[in-house]
Enquirer: 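For reference, the structure I am asking about is given below.
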Amino acid sequence: MKRWPFHPAGRAAAALACTSLVASPLLAQANSVGIEAAIRNKVEIRAAATKKVKPAVLHDRVFLGDQAQTDKASQLQILLLDLSTFTVGASARVTIDRFVYDPATNRRDVGISVARGAFRFMSGRSVGKPTGPVSVRTPVATIGIRGTIFEGVVGEEAEKIAEREPAVGKVKSDSDEASLIVLRGPGPRTQGDTTPGAIDVSAGDRTATLNEADLAAYVPRRGAAPIVFRLSPAGLLALQSLLRTVPEEGGGGNGGHGGRDALIGAAGIAASILLGGKNKGSVQSQGQKQPVKPPPPPRSPNGRP
Amino acid sequence: MTGKSLPLLLALAAMALPGAAGAQDNPDALIDASRQVDSGLALANRQIAGNDLLGALGTLERVQFAHPEAVPPRLVYISLLCRLDDREGAEVELSLLGGKPIADSDWAGVAAACGPVTRPAPPRKGHR
């Protein structure tokens, strides 16, 4: 298992987090940063304080430095105290290593590390939403978030999904650390009080800005620049297979392992019904912005039956 | 009343109370309300009415973890993706429904949010 150095600012931020959280009226137990809000199949939490591993339990608190580990076909949704949700997908290992939230000012500072597996982040309330930096680190990239929904996967699955994309193709990838990150929205025509989302994916000496739903960045290995493209329906489905359930799985929260096959099988259907999209995005390198031209998505006529 | 249902009832009661400002900010209440399809949908609809579209998405994700077979939460989820301008994501989610029967009233919500979109074909007779 690879170890990451603790972020230099992490210790100070952690101390701040504790201070802030102790003072929070939302907090029943000091130091907790979120709650185990939904659990599917096998999910374990390795406690930062005791180093002991125990099964995830609904309503249990997640503490700073706790590590969530999921098995195949398993998921965990963590409801953070600012009401953002962080979903840990299949075969993942995730740590919340920085969390500061002050309900009085609605300011936050969140840092999450994903060592492997799939994940999704959704910002907190769209009305009166918290402000402040949120970053997610993978072994090869750092993602800065501006009020948004995004998903990603680290490791072999990232490599598999990305290399099936025509815009990526065969590249030299590290199957342990390769990272695929996808902005899911909100898009520029979002409704309600939500604002369009955007994320900055930094890797190597470059930063790629994703500012439209389903734009993706693939970082194949350490030091490599992000490859920006529009994720295909098949790619999106493959990612969802790690994060979502399908109706065929049956009820009761115990699920099965047929979901992935059903998702992959649905890729062709999705591809055939997808409407066209548009491609916008940019890659910044050493202060210079480069236009990115992802390949056009598949198009087909669509209408009511 | 069973011990299991008590927390859920308390959570719902708290959210229904007049003047219970911030009840929808109580994480434990949000989690409890998401454990059943009906209460989860009711919570999501309240969040949508309050323009908390992302909160509603999170609620529906929790409902689907517990009840992956339930179609109505998926349809509301799909309509939310459209409202959040993730049309491609909505189409992908729609494809997952396969031959699951969809009530006209549920589909109306998707059509209203997504506009022209292909409704999945109903199951053929003799097939599940």
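Lettering follows sequence order; numbering is per chain, from 1.
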Enquirer: What part of B:Leu57 is in contact with chain A, defined as an atom under 4.5 angstrom from a non-hydrogen atom: side chain, backbone, both or neither?
Expert: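 Contact with chain A involves both backbone and side-chain atoms of B:Leu57.
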Enquirer: Select one option (side chain, backbone, both, neither) describing which atoms of A:Leu76 are under 4.5 Å from chain B's heavy atoms.
Expert: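 Looking at A:Leu76, just its backbone touches chain B.
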Enquirer: Kindly write out the residues that satisfy salt bridge (Lys or Arg N to Asp or Glu O under 4.0 Å) with A:Asp214, not counting sequence neighbours, or none if the list is empty.
Expert: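 Partners of A:Asp214 under the salt bridge (Lys or Arg N to Asp or Glu O under 4.0 Å) test: A:Arg184.
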Enquirer: Only pairs of heavy atoms separated by less than 4.5 Å count here; which of A:Gly185, A:Gly34, A:Gly187, A:Gly197 has the most with chain B?
Expert: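 Top count of heavy-atom pairs under 4.5 Å with chain B: A:Gly187.
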Enquirer: Is it the backbone or the side chain of A:Leu231 that comes under 4.5 Å from a heavy atom of chain B, or both, or neither?
Expert: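 Neither part; nothing is under 4.5 Å.
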Enquirer: Report the residues that fulfil side chain to side chain contact (heavy atoms under 4.5 Å, CB included) with A:Asp60, sequence neighbours left out, ordered by chain and then residue number.
Expert: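 By the side chain to side chain contact (heavy atoms under 4.5 Å, CB included) rule, A:Asp60 matches A:Glu36, A:Lys54, A:Val57.
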Enquirer: Check B:Asp106 with B:Arg74, please: is the shortest side-chain N to carboxylate O separation under 4.0 Å?
Expert: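 B:Asp106 and B:Arg74: not salt-bridged.
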Enquirer: Below 30° counts as parallel, above 60° as perpendicular, anything between as tilted: where do the rings of A:Phe121 and A:Phe86 land?
Expert: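 Rings of A:Phe121 and A:Phe86: tilted, 30 to 60°.
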